[in-house]
Amino acid sequence: MNSSAQYFHNAAAAITYHAPGYICVTWQPTAVSVADLQAIYEHVLRAMRHYGSTRLMSVHGQRPPMPPQVQEWLTTQWVPRAIAEVSYDKCAVVEAEAPLSRLAARSIGTGLTQPLRYNYFSTVQEAAEWLQKK
């Protein structure tokens, strides 16, 4: 039986733990400041630590494009720290509807220099199935 537990939510995002062992951040179509985006990712890292999860699903939906400053922060600071602190090793991105949002998300993946497995999906179901594979 798959179950989930909500860890955090605000107007911009909801963070949940899914019993197969991954954290899911579901973004809302809300404009958010750089500081607020970074704070949400800090909550994601705390959730990963709390649940002992090394896998993440990010559901972009209608989320606005991620600012370049946050893209750089994720690739140079957050992802390396998550790898070091919680052994973060797998990320499934359910792509946004807007082309600019998809492009911003993909630039994070191409900017990584750490060994993180990641992939892009059209549906949550596809992403969940991939995350649950070894």
Side-chain angles (χ1 to χ4, degrees):
M1 176 169 96
N2 290 352
S3 63
S4 62
Q6 185 167 301
Y7 182 81
F8 169 87
H9 74 89
N10 66 13
I15 300 168
T16 53
Y17 171 75
H18 291 261
Y22 63 89
I23 300 296
C24 180
V25 58
T26 304
W27 296 95
Q28 300 303 312
T30 303
V32 181
S33 71
V34 167
D36 287 343
L37 282 169
Q38 290 173 330
I40 291 167
Y41 277 99
E42 293 302 326
H43 282 294
V44 169
L45 186 55
R46 283 193 287 279
M48 293 174 85
R49 188 177 301 112
H50 177 80
Y51 290 104
S53 178
T54 63
R55 296 174 283 161
L56 174 65
M57 180 189 302
S58 188
V59 181
H60 294 187
Q62 295 180 356
R63 181 182 90 173
M66 179 109 16
Q69 180 181 358
V70 176
Q71 294 173 38
E72 181 179 345
W73 176 78
L74 285 168
T75 59
T76 64
Q77 295 181 41
W78 190 87
V79 169
R81 193 159 43 93
I83 290 170
E85 292 180 13
V86 299
S87 301
Y88 179 36
D89 74 340
K90 201 169 186 183
C91 181
V93 176
V94 181
E95 293 196 288
E97 296 173 16
L100 286 177
S101 292
R102 285 194 303 272
L103 184 62
R106 286 182 176 258
S107 74
I108 294 166
T110 58
L112 292 173
T113 58
Q114 295 77 24
L116 177 67
R117 294 178 290 165
Y118 62 92
N119 210 339
Y120 303 93
F121 301 91
S122 299
T123 69
V124 168
Q125 181 64 36
E126 292 169 330
E129 289 171 4
W130 182 78
L131 278 177
Q132 293 174 62
K133 293 178 186 174
K134 295 280 182 191

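FYI, the numbering just counts along the sequence from 1.
For E42, the side-chain hydrogen bond (donor to acceptor under 3.5 Å, both in side chains) partners are R81, not counting sequence neighbours.
Side chain of K90 to backbone of Q132: no donor-acceptor contact under 3.5 angstrom is found. The closest donor-acceptor contact from the side chain of Q71 to the backbone of M66 lies under 3.5 Å. Listed for the Y118 side chain is a donor-acceptor partner under 3.5 Å among the backbone atoms of G109. A donor-acceptor pair under 3.5 Å links the side-chain atoms of T30 to the main chain of A11, judged by distance alone. A donor-acceptor pair under 3.5 Å is absent between the side-chain atoms of R63 and the main chain of W27, judged by distance alone.
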| request: Check step by step if ring pair (Phe, Tyr, Trp, His ring centres under 6.0 Å) holds for W78 and Y88. | output: CA-CA 11 Å; W78 190 87; Y88 179 36; 5.6 Å; yes
| task | Take Y17 and Y7 through the test ring pair (Phe, Tyr, Trp, His ring centres under 6.0 Å) and record every step on the way to the result. | result | CA-CA 7 Å; Y17 171 75; Y7 182 81; 9.7 Å; no
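Atom CD of E72 has 12 or fewer heavy atoms from other residues, nucleotides or ligands within 6.0 Å.
For the residue pair Q6/T16, the side-chain donor-acceptor check at 3.5 Å is not satisfied.
Evaluation of the salt bridge (charged side-chain N to carboxylate O under 4.0 Å, His left out) test over residues 92-121, restricted to residues two or more places apart or in two chains, returns D89-R117, E95-R106.
Counting heavy atoms from C-beta outward, V70 and L74 have side chains that approach closer than 4.5 Å.
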